[in-house]
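Before any comments, here is the structure.
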Amino acid sequence: MLKDFPLFSLADYTFMSQALKLAEKGLYTTSPNPRVGCVIVKDDRVIASGWHERAGQPHAEINALNSANEETKNATVYVTLEPCSHYGRTPPCAQALINARVARVIIAMLDPNPLVAGEGMAMLRQAGIVVQSGLLEAQARALNIGFISRMIRQRPWVRLKIAASLDGKTALRNGESQWITSEAARLDGHRLRAISCAILTGSGTLKRDDPQLTVRHVKTSRQPLRIVIDSRLEISTKAKLLHGEKVLIFTAQPDESRIKLLEDKGVQVFIMPGAGGKVDLAQMMAKLAEFEINEVLVEAGSTLSGAMVQDGLADELVVYLAPYVLGDKAQGMLNLPILTSLSHKRQLQLIDLRMIGADIRVTARFSSFE
C-alpha cells in the first residue's frame, strides 16, 4: 500500500527550514526536552517566530505566538515537532494554537513521547485546523535523535568519541595520548560535549588523565552530567571531576565505607553488578533514561568503548583521525573479541566525513531505530 505523502510548496520548505534553524539554537540548552523551532506565516510573510530555549520555559509555539506582530487568525504555523496536547511543566501548545485561530499547521515530525504521539495533531484537526506532517522530517529527527531514543527505546543515544592516529591508534604503548589530534579537533570535541546531556568515562581514563569532563571551549549555560564507570570503586577522592557539578558513579562493588565517603562529596553511587565483576551497562543505560538523559558522550579507553560496542549499546562513532601513524604496538580504538570470519564484522553507516583543522572527522552509526 502506497503511503499518502502530502505535497508541499517551495515556500513550505523555506519556512520549515527557518523553523529548523531556530530549533538549532536550543542545541546546548533544552535538555531533557527536544529542540523545537516555530515560524508563523501570513500572506507569505513571517509574522512571528520562536524556539524552545530551556526545560520549564515556554515551548517554541508559545514563544512564537507571544512574538506575533499582528493577528494570527488564518495564519500558517511551521513547527519542527508535533505540538504537545497535555499539561506538563507548561500548558498544551495545541490548545494555544487553537486559541490563536490559525488555519494550518505543518509539522516536521510527530512527537515520540507516548503522552503526545499523535494526540496533538488530532486535537488540532478536531478544531478544524488543516494539519500536515513529514516536511523535512529527517532533519528534525536528526536534531532530536537522543530524545527519540529515550522515548522509543527507553535509553539514551550513545556516541563514542575517539581521537586516533591514521592507523587507528589512540595512545602509545606506555599510555601517552596527549595530544594525538589538533587543537581544532579538541575544540570540536567540546562542541560534542556541549550538546550532550552527559559525559561518561571509565576508571582507567580517570586514573591516567584525571579529566574534568566539562565544556570549556564552547559557550554554554549548562554543563553535562558527569558519569564514571568504576567497577571496583577505586576512584580517588582527589579526582578533578569530583569538584564542581553533579557526578554519578556506577560500580559493581558494594563497599559501604567508600560509598559513604563519595556520597559525602555529593556523588550519587549506583551498585549494578554484571558478568565478570563488571558494571551491567544495559541496566545503567536504563537508569540514565530515568534521569531523562537523551544523549551520552563516551570519552573512554578501548576497554570500555569496546564493551559498549560488544553489548550493542554504542549507536554512533565520532573518530578524529590525525595525519600520522603510531605503529602496531600502540593502543587501539576498541577492545573487541577476535573475529574468525569477515562475516562477523560490525557494519556501520557513514554519516559524515570532513576536515577539522589538520584532522579528519568521521561520523558513523552502528544502529538505527527509525
Side-chain angles (χ1 to χ4, degrees), residues 15-42 45-127 129 131 133 135-136 139-141 143-148 150-151 194-195 197 219-224 292-295:
F15 294 130
M16 185 61 82
S17 295
Q18 291 178 25
L20 285 163
K21 280 289 184 186
L22 289 168
E24 287 179 7
K25 291 188 175 186
L27 267 177
Y28 302 156
T29 60
T30 63
S31 174
N33 287 359
R35 297 134 183 167
V36 186
C38 179
V39 170
I40 302 177
V41 174
K42 198 170 183 180
R45 295 175 295 108
V46 174
I47 63 168
S49 63
W51 71 94
H52 179 48
E53 298 176 25
R54 193 177 296 276
Q57 294 184 8
H59 289 183
E61 300 93 322
I62 305 304
N63 283 332
L65 289 170
N66 288 341
S67 76
N69 54 27
E70 61 184 83
E71 188 181 26
T72 56
K73 182 181 178 182
N74 294 327
T76 296
V77 177
Y78 298 85
V79 63
T80 60
L81 182 72
E82 177 185 7
C84 61
S85 55
H86 67 291
Y87 282 87
R89 291 173 180 166
T90 57
C93 294
Q95 187 59 54
L97 293 175
I98 293 167
N99 295 344
R101 298 185 295 172
V102 303
R104 182 179 176 222
V105 176
I106 298 180
I107 300 164
M109 63 169 282
L110 301 186
D111 194 334
N113 187 340
L115 295 174
V116 184
E119 292 297 323
M121 286 180 60
M123 195 171 170
L124 293 168
R125 283 172 173 155
Q126 246 179 355
I129 295 171
V131 181
S133 66
L135 177 59
L136 297 181
Q139 291 87 333
R141 292 181 74 86
L143 266 178
N144 289 304
I145 196 164
F147 179 75
I148 298 168
R150 180 164 65 86
M151 290 295 123
I195 67 174
C197 304
K219 188 176 180 181
T220 177
S221 60
R222 174 192 65 86
Q223 285 291 339
E292 296 186 311
I293 300 297
N294 294 334
E295 295 174 48

(request) Verify, without hydrogens or angle tests, whether T80 (side chain) and L20 (backbone) share a donor-acceptor contact under 3.5 angstrom. (result) no
(message) Between K42 (side chain only) and E71 (backbone N and O only), is there a donor and an acceptor less than 3.5 Å apart?
(response) yes
(request) Measure the spacing between CD of E295 and CG of N144 and express it to the nearest 0.5 Å. (result) 8.0 Å
(message) For P32, is there any backbone N or O sitting under 3.5 Å from a side-chain donor or acceptor partner on R150?
(response) yes
(message) Please give me the minimum heavy-atom distance between I40 and A64, naming the atom from each residue.
(response) CD1-CB, 3.9 Å
(request) Specify the closest pair of heavy atoms between G26 and W51, including all atoms of both residues, with the distance to one decimal. (result) N-CD1, 4.2 Å
(request) Mark yes or no for whether R35, through its side chain, and L27, through its backbone, hold a donor-acceptor pair below 3.5 Å. (result) yes
(request) Identify the heavy atoms of S31 and C197 that sit nearest to each other, and give their distance. (result) OG-SG, 3.1 Å
(request) Find the distance between CD (Q126) and CD (E119) and round it off to the nearest 0.5 Å. (result) 9.0 Å
(request) Would you name the heavy atoms of A103 and I129 that are closest together and state the gap between them? (result) O-CG2, 3.6 Å
(request) Start with the C-alpha gap between H59 and L81, add the side-chain angles, then the distance that decides, and say whether side-chain contact (heavy atoms from CB on, under 4.5 Å) holds. (result) CA-CA 11 Å; H59 289 183; L81 182 72; over 6 Å; no
(message) Do Y28 and S221 have side chains that approach each other closer than 4.5 Å (heavy atoms only, starting at C-beta)?
(response) no
(request) Show your working on side-chain contact (heavy atoms from CB on, under 4.5 Å) between Y78 and R104 and close with a plain yes or no. (result) CA-CA 9 Å; Y78 298 85; R104 182 179 176 222; 4.0 Å; yes
(message) Nearest 0.5 angstrom please: L65 CG to C38 SG, how far?
(response) 6.5 Å
(request) With side-chain contact (heavy atoms from CB on, under 4.5 Å) as the test, would you mind laying out the steps for F15 and V46 before giving the verdict? (result) CA-CA 8 Å; F15 294 130; V46 174; 3.7 Å; yes
(message) Quick check against the 3.5 Å criterion: does T72 have a side-chain atom that pairs as donor or acceptor with the backbone of A100?
(response) yes
(message) If we ignore hydrogens and angles and just use 3.5 Å, is the side chain of R222 paired with the main-chain N or O of A194 as donor and acceptor?
(response) yes
(message) Can you tell me which residue among E82, E61, H52 is in a side chain to side chain contact (heavy atoms under 4.5 Å, CB included) with C93?
(response) E61
(message) Between R125 (side chain only) and V131 (backbone N and O only), is there a donor and an acceptor less than 3.5 Å apart?
(response) yes
(message) Between T29 and R54, does the side-chain contact (heavy atoms from CB on, under 4.5 Å) criterion hold? Intermediate values first, please.
(response) CA-CA 6 Å; T29 60; R54 193 177 296 276; 4.1 Å; yes
(message) What's the separation between atom CD1 in I145 and atom CD1 in I195, rounded to the nearest 0.5 Å?
(response) 10.5 Å
(request) Please report the shortest heavy-atom distance between I106 and M16, naming the atom on each side. (result) O-CE, 3.4 Å
(request) Please report the shortest heavy-atom distance between I107 and M121, naming the atom on each side. (result) CD1-CG, 3.6 Å
